[in-house]
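Shown next, in structure tokens, is the structure this report addresses.
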Amino acid sequence: MGTAYFCTFAHFLDCITMNILDSIDRNKLPKHIAIIMDGNGRWAKERGQDRVYGHYEGVVSVREIVNTCGELGIGYLTLYAFSTENWNRPKQEVDALMELLVNTIRREVDELKKNNVRLHIIGDFESLPEICQKELNEAKEITASNTGLNLILALSYSSRKELVDAAKKIAEKVATGLLKPEDINNEVFQEHLYTANYPDPELMIRTSGESRISNYLLYQIAYAELYFTPVHWPDFRKQNLYEALLNYQQRERRFGKTSEQIQTTTPEHV
Ligand code: FPP
């Protein structure tokens, strides 16, 4: 009886997921999704557990969202896994997060390889513990020839630092005569960001009910659609991503133009 109920309920959930998936227009998916994975700590506290337990469960969501993006043919997924500000958390939590990162990469690298996912890292790589750097470098190498989803982990990342770094690199080129000030434009600036090789995100998701950007991809999200959900990251699964995509597809992306212009011309950024 219990099993029969479970099967029926599982089937019911599958049907809902399939229904939403059917409503998603595969030709209008964002090429790049950026996510602020927030709420791990609160999720754990609500269950009377230590915050770190929320990060462990957050990895399950990471796996599911990476797989789902791969299945949908999304080109780029950037996950905010650790900000420069996160170094200020209690040492025990920082250590646990670094250990979790190493163990997760070690455990998942074969799966990433098999699923044609290529790993990239943005942020202050050198500030990560050596063991993290080593594991990440190996995983980057192992997945370097993959041609499916580009999974970009933002680690020890600060958007303001990225912008300042870009300004410094450009200033050095101007000082040495490699670049003229009048040649600096959006394209040149973009080429000096950590994300130089990736398109801008069209959809930015933040979980856990906070409505802020927290020093994440400030330049790159100029025209991204922002999607805030109250769901904590460890509960954010396939179904929630489908909902975000459906919501994204229902928006009119005008890029400063009028609604009438958008409806009568072929949109540049579909
Ligand atoms: C924010 O929740 C989450 C983080 C700072 C860490 C995110 C890390 C993971 C999901 C696991 C490791 C990731 C990979 C890619 C292996 P919070 O702790 O700020 O939650 P709170 O706002 O409820 O306190």
Side-chain angles (χ1 to χ4, degrees), residues 33-70 74 76-113 115 117-125 127-129 131-140 142-143 149-159 204-217 228-238 240-241:
I33 302 174
I35 306 185
I36 302 178
M37 309 182 287
D38 195 16
N40 293 352
R42 274 164 287 165
W43 185 91
K45 287 277 160 210
E46 282 167 16
R47 284 155 182 80
Q49 301 277 351
D50 188 82
R51 297 175 50 81
V52 172
Y53 177 62
H55 299 314
Y56 288 140
E57 285 301 308
V59 172
V60 183
S61 297
V62 169
R63 190 183 301 118
E64 182 159 325
I65 296 307
V66 168
N67 288 340
T68 307
C69 284
I74 303 285
Y76 300 82
L77 171 67
T78 302
L79 299 178
Y80 206 177
F82 196 85
S83 71
T84 48
E85 292 78 11
N86 288 150
W87 290 115
N88 298 321
R89 291 194 173 192
K91 185 176 178 324
Q92 176 256 351
E93 182 171 341
V94 171
D95 290 348
L97 269 168
M98 291 300 141
E99 195 182 321
L100 180 61
L101 181 67
V102 170
N103 292 339
T104 304
I105 297 295
R106 200 173 278 162
R107 198 180 55 231
E108 303 289 331
V109 67
D110 291 342
E111 197 69 9
L112 293 178
K113 175 77 185 160
N115 292 339
V117 178
R118 181 171 180 186
L119 182 72
H120 309 261
I121 311 295
I122 55 170
D124 186 4
F125 194 70
S127 68
L128 296 170
I131 176 76
C132 283
Q133 294 187 33
K134 183 175 164 285
E135 211 63 48
L136 291 166
N137 275 331
E138 276 175 25
K140 269 169 52 179
I142 291 170
T143 61
L149 174 69
N150 288 282
L151 170 62
I152 305 156
L153 295 185
L155 286 167
S156 193
Y157 175 84
S158 151
S159 184
M204 153 78 80
I205 298 171
R206 180 170 188 147
T207 59
S208 207
E210 309 293 351
S211 310
R212 54 177 174 265
I213 301 302
S214 300
N215 204 3
Y216 190 40
L217 304 172
F228 299 105
T229 169
V231 175
H232 292 325
W233 178 250
D235 283 334
F236 191 88
R237 299 296 164 89
K238 195 183 261 235
N240 305 91
L241 182 66

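Counting convention: from 1, in listed order, for ligands and their atoms alike.
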Can L77 and I35 be said to form a side chain to side chain contact (heavy atoms under 4.5 Å, CB included), step by step? CA-CA 8 Å; L77 171 67; I35 306 185; 3.9 Å; yes
Does ligand 1 have any N/O pairs with the protein under 3.5 Å, and how far apart?
unit_1: ligand 1; atom_1: 2 (O); unit_2: G39; atom_2: N; d: 3.4
unit_1: ligand 1; atom_1: 2 (O); unit_2: N40; atom_2: N; d: 3.4
unit_1: ligand 1; atom_1: 18 (O); unit_2: R51; atom_2: NH2; d: 2.9
unit_1: ligand 1; atom_1: 18 (O); unit_2: R89; atom_2: NH1; d: 2.8
unit_1: ligand 1; atom_1: 19 (O); unit_2: D38; atom_2: OD1; d: 3.4
unit_1: ligand 1; atom_1: 19 (O); unit_2: R89; atom_2: NH2; d: 2.7
unit_1: ligand 1; atom_1: 20 (O); unit_2: G39; atom_2: N; d: 3.3
unit_1: ligand 1; atom_1: 20 (O); unit_2: N40; atom_2: N; d: 3.2
unit_1: ligand 1; atom_1: 20 (O); unit_2: G41; atom_2: N; d: 3.0
unit_1: ligand 1; atom_1: 22 (O); unit_2: D38; atom_2: OD1; d: 2.9
unit_1: ligand 1; atom_1: 22 (O); unit_2: R42; atom_2: NE; d: 3.4
unit_1: ligand 1; atom_1: 22 (O); unit_2: R42; atom_2: NH2; d: 2.9
unit_1: ligand 1; atom_1: 23 (O); unit_2: G41; atom_2: N; d: 3.4
unit_1: ligand 1; atom_1: 23 (O); unit_2: R42; atom_2: N; d: 2.7
unit_1: ligand 1; atom_1: 23 (O); unit_2: R42; atom_2: NE; d: 2.8
unit_1: ligand 1; atom_1: 24 (O); unit_2: R51; atom_2: NH1; d: 2.9
unit_1: ligand 1; atom_1: 24 (O); unit_2: R51; atom_2: NH2; d: 3.1

In short, salt bridge (Lys or Arg N to Asp or Glu O under 4.0 Å) pairs touching residues 92-107 with sequence neighbours left out are R51-E93, R89-E93, K91-D95, R106-E135
Any residue meeting side chain to side chain contact (heavy atoms under 4.5 Å, CB included) with A81, in chain and number order, not counting sequence neighbours: M37, L155
Salt bridge (Lys or Arg N to Asp or Glu O under 4.0 Å) pairs touching residues 55-68, sequence neighbours excluded, are R63-E108
Pair K134 + E138: basic N to acidic O under 4.0 Å: yes
Indicate whether any N or O donor in one side chain lies under 3.5 Å from an N or O acceptor in the other, for S156 and W87. yes
